[in-house]
Amino acid sequence: MNYPSFKGFCFDRAAFFSAWILIVFINGLIQIHGQNDKIKQPSNDQATVDRKRLETVEELSESLANDVLTLSVAARDRDLELMADYFPAQLNAKPFPSRPAATKNQIKWVGGHNWETSGAKIVSVSDQKIGAGKISGKAFLGNWAEFLAHFSEIEDARFKIKEANFDDSAKAVLGAEQPTAVVGATGRARIAFYAIGRDVDGKREWARGTFWANVRFDKNKHWQFDSFELVSFDSLVAEKDMFSEVAVPAGVGATLPGFGTPENSGFVWHGAAAGDFNNDNWIDLFVVGGNRNFLYLNDQKGGFRDVSNEAGIKITSAGTAPLAFDYDNDGDQDVFLSAVGQQILLENTFKQTGKLEFNDVSLETGVAKEAIGFSAVAGDVNADGFLDVFVTSYNRYGQITPDSWFRATNGTPDLLFVSQGDGTFREEAKKWGVDDQRWGYAAEFADINADGKIDLYVANDFGEKALYINKGDKFVDEAAERGVLDPGNGMGVSFGDYNNDGRLDIHASNMSSTAGNRILARLFPNQGAKDNVLKKLAAGNNLFENVGDGKFRDVTAEVGGFSGGWAWGGGFIDFDNDGWEDIYTPNGFISGKSMKDT
């Protein structure tokens, strides 16, 4: 079985997902019938899919998706000359609504407005009739220029292909280095677009919409929109700024070696932890880099000071993710580092000596055990008053291939370090029933069934999650029975009470894929994420409501839908101090030289 290559750490994300979905579909979940190149689709009507045509259609889709990324850059840069390459002399469309209507408050500190056509009353998108009249490409582009002029600053602009279908006569140039079409290829696509920045009054604004378009690959080597039919279009406006990026002036804007360079050639990235390491009641930062660690002390003036050298942690072995906790109950914050190799424990001696300094006590405390440690969490599993440490263990992705894309079990065993009460730990994952090998990525402790014992929820990549219920002397995985098995590319877990009912709910970070959803819509048009594991893998994050006794129901669709992209950790935080917990999800992968590379 062939898998997408990670060589060079710079590849087309959409192409990756396309290949991924096709591989899983062809090799794992379908039946291949003889030599007729037809594959059975596992749906109620047992429809068949022409594999060769499917591959051609996806090449055409990738060609279109890549090309509109070039259009995205042109829109962001207000390059009207380049944007003109995407519009013919005439197209079937109404004038693009380019002037903002009045802003009305929607929720809390967020306002919203529709868009109106120049010189006319507000046009409701729902009232627009598809296929209305022709407009010149020049005039249509003029509307776009007016729309873009609404922004005093454009941070990002993007066009994304949500759905694409092509005429039977449309052909791709198979085998091309980059997906491309044969001139004259035609089809129809549903495309989302957005612009993020600041409006003319300096307020942050997110304009977003979708449209249907008849597309055609022109001799100028660009896809052109022969029609443009709006489905939705509005804006969200922040009435006040909540956050500003201040890493550099705050003193924490370190630049790390690029991923894939000799100085940073591993297969993992790294994390950070916040804690008061010098007991001055101000939050400090411990950050793990590719080849060193950083300790930033809060200067109590809105900035931080790098004390890595004097604290003795700069040249200490770097891990993947730090965990700040008081392992020896002496009143200061120590640091555990999950790591690829031996796990690391750094003892903070501030309480004993009055000097902020860390000593590596991994060997004498018993935590120097081998794992592909991706994260660590602390909790008192046996209620003896001392914190224990659970480590999620992954595997060497790129060297080891998961034995399943949605139920992989060939990771490395997770670890559980149980405190012995004397400053040492004993690794007891097997004894407690948590020595799982499902490519562990992230975890959190919480008492989810209110029985006084902390339980453990674990996100596994390439598979199902685990909810370990604490029975006092062991854990039992009850994820399925409690409604949180949640298959997906799990990379984040957090507990919080999203609906203020006094019970802990769960937010789980999973990857979502525009390309994956586009392909799967063709393969399984009548199935959703709940009845098709492939669609679940591409669907994104999940929110589970605790309905009592530690049982949950999936409320993702009810309260929003959380397609967080290539999502990682994140979780609950009350951004605006209104008493309701909000959700934040970081996302992204390896940066390349263009928007076509992740």
Side-chain angles (χ1 to χ4, degrees), residues 271 273-279 281 283-284 286 313 316 319-339 342-353 356-371 373-393 413-436 440 442-458 466-476 493 495 504:
D276 181 9
F277 296 108
N278 59 352
N279 288 16
N281 296 318
I283 296 297
D284 312 306
F286 192 107
I313 61 96
T316 302
T320 50
L323 165 67
F325 78 122
D326 185 3
Y327 90 92
D328 49 6
N329 285 4
D330 67 349
D332 55 28
Q333 294 287 296
D334 309 297
V335 177
F336 182 96
L337 297 176
S338 56
Q342 292 186 344
Q343 310 310 292
I344 303 163
L345 180 57
L346 304 178
E347 179 191 17
N348 187 348
T349 63
F350 181 80
K351 197 69 175 179
Q352 292 91 339
T353 66
L356 182 60
E357 196 170 41
F358 289 85
N359 294 326
D360 188 338
V361 293
S362 309
L363 288 171
E364 51 265 52
T365 57
V367 304
K369 303 294 184 182
E370 294 283 335
F374 264 35
S375 65
V377 289
D380 187 1
V381 301
N382 53 5
D384 65 353
F386 289 88
L387 289 173
D388 312 301
V389 178
F390 177 80
V391 179
T392 60
S393 192
D414 296 331
L415 306 177
L416 177 62
F417 294 107
V418 177
S419 175
Q420 302 303 295
D422 59 0
T424 66
F425 294 85
R426 181 180 297 157
E427 202 290 298
E428 296 184 355
K430 186 173 183 179
K431 174 184 175 181
W432 282 78
V434 293
D435 58 332
D436 197 8
E444 284 290 348
F445 282 114
D447 181 6
I448 61 98
N449 56 355
D451 66 351
K453 298 185 286 289
I454 61 168
D455 310 299
L456 178 64
Y457 193 54
V458 182
L467 177 55
Y468 295 109
I469 300 301
N470 192 333
K471 302 298 184 180
D473 59 354
K474 65 179 180 178
F475 287 98
V476 176
V493 173
F495 287 96
L504 286 175

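One is the number of the first residue; the rest follow in order along the sequence.
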(message) For the CD atom of E357 and the CG atom of N348, what is their distance to the nearest 0.5 Å?
(response) 9.5 Å

(message) Can you see whether S338 engages S375 through a side-chain donor-acceptor pair at a distance of less than 3.5 angstrom?
(response) no

(request) Any chance you could lay out the side-chain contact (heavy atoms from CB on, under 4.5 Å) test for I344 and V367, step after step, and finish with the verdict? (result) CA-CA 7 Å; I344 303 163; V367 304; over 6 Å; no

(request) Drop me the distance from E370's CD to L415's CG, to the nearest 0.5 angstrom. (result) 10.0 Å

(message) Tell me the closest heavy-atom pair linking Q343 and V391, and the distance in Å.
(response) OE1-CG1, 3.7 Å

(message) Going by side chain to side chain donor-acceptor pair (under 3.5 Å), name the residues that satisfy it together with N281, two or more places apart in sequence or in a different chain.
(response) none

(request) Evaluate the criterion side-chain contact (heavy atoms from CB on, under 4.5 Å) for residue pair D380 and D388; output intermediate values, then yes/no. (result) CA-CA 5 Å; D380 187 1; D388 312 301; 3.7 Å; yes

(request) Could you check if a side-chain atom of E347 sits within less than 4.5 angstrom of a side-chain atom of Q352, using non-hydrogen atoms only? (result) yes

(request) Just jot down the ring pair (Phe, Tyr, Trp, His ring centres under 6.0 Å) partners of F475, sequence neighbours excluded, or say none. (result) W432

(message) Within the 4.5 Å heavy-atom criterion, are F336 and F325 side-chain neighbours or not?
(response) yes

(message) Within the structure provided, determine whether I448 and L467 are in side-chain contact (heavy-atom separation under 4.5 Å).
(response) yes

(request) Supply the atom-to-atom distance I469 CD1 to Y457 OH, rounded to the nearest 0.5 angstrom. (result) 11.0 Å

(message) For G423, is there any backbone N or O sitting under 3.5 Å from a side-chain donor or acceptor partner on D328?
(response) no

(request) For residues V458 and D436, determine if any side-chain heavy atom of one lies less than 4.5 Å from a side-chain heavy atom of the other. (result) no

(message) Going by salt bridge (Lys or Arg N to Asp or Glu O under 4.0 Å), name the residues that satisfy it together with K369, two or more places apart in sequence or in a different chain.
(response) none

(request) Looking only at non-hydrogen atoms, find the nearest pair between A324 and A274 and report the distance. (result) CB-O, 4.2 Å

(message) Strictly distance-based, threshold 3.5 Å: is any side-chain N or O of N470 a donor or acceptor partner for the main-chain N or O of D455?
(response) no

(request) Please report the closest heavy-atom contact between E427 and D414, naming both atoms and the distance. (result) OE2-O, 4.5 Å

(request) Give the minimum heavy-atom separation between A429 and L416, together with the two atoms involved. (result) CB-N, 3.6 Å

(message) Return the CG to CG distance between L345 and L363, rounded to the nearest 0.5 Å.
(response) 11.0 Å

(message) Whether the side chain of T349 engages the backbone of F358 through a donor-acceptor N/O pair (distance < 3.5 Å, no angle test) should be reported.
(response) no

(request) Return the minimal non-hydrogen interatomic distance between A443 and T392, and the atom names on each side. (result) CB-CG2, 3.9 Å

(message) Suppose we screen for salt bridge (Lys or Arg N to Asp or Glu O under 4.0 Å). Which residues come up paired with D360, at least two apart in sequence or across chains?
(response) none

(message) If you define the side chain from C-beta out and look only at heavy atoms, does anything of F286 sit under 4.5 Å from L337?
(response) yes

(message) If the condition is salt bridge (Lys or Arg N to Asp or Glu O under 4.0 Å), which residues does K471 pass it with, not counting sequence neighbours?
(response) E478

(message) Please report the interatomic distance NZ(K351) to CG(D334), rounded to the nearest 0.5 Å.
(response) 12.0 Å

(request) Using the test side chain to side chain donor-acceptor pair (under 3.5 Å), find all partners of E364 that sit at least two apart in sequence or belong to another chain. (result) none

(request) Heavy atoms only: give me the nearest D326-N329 pair and the separation to one decimal. (result) OD1-N, 3.1 Å

(request) Measure the spacing between CG of L456 and CZ of F390 and express it to the nearest 0.5 Å. (result) 5.0 Å

(request) May I ask you to test the N279-D332 pair for a side-chain heavy-atom distance under 4.5 Å? (result) yes

(message) A side-chain contact here means heavy atoms from C-beta on lying under 4.5 Å apart; do L346 and N359 qualify?
(response) no

(request) Could you tell me whether the side chain of V381 reaches within less than 4.5 Å of the side chain of I454, counting heavy atoms only? (result) yes

(request) Please state whether the rings of F417 and F425 are parallel, tilted or perpendicular, taking 30° and 60° as the class boundaries. (result) perpendicular

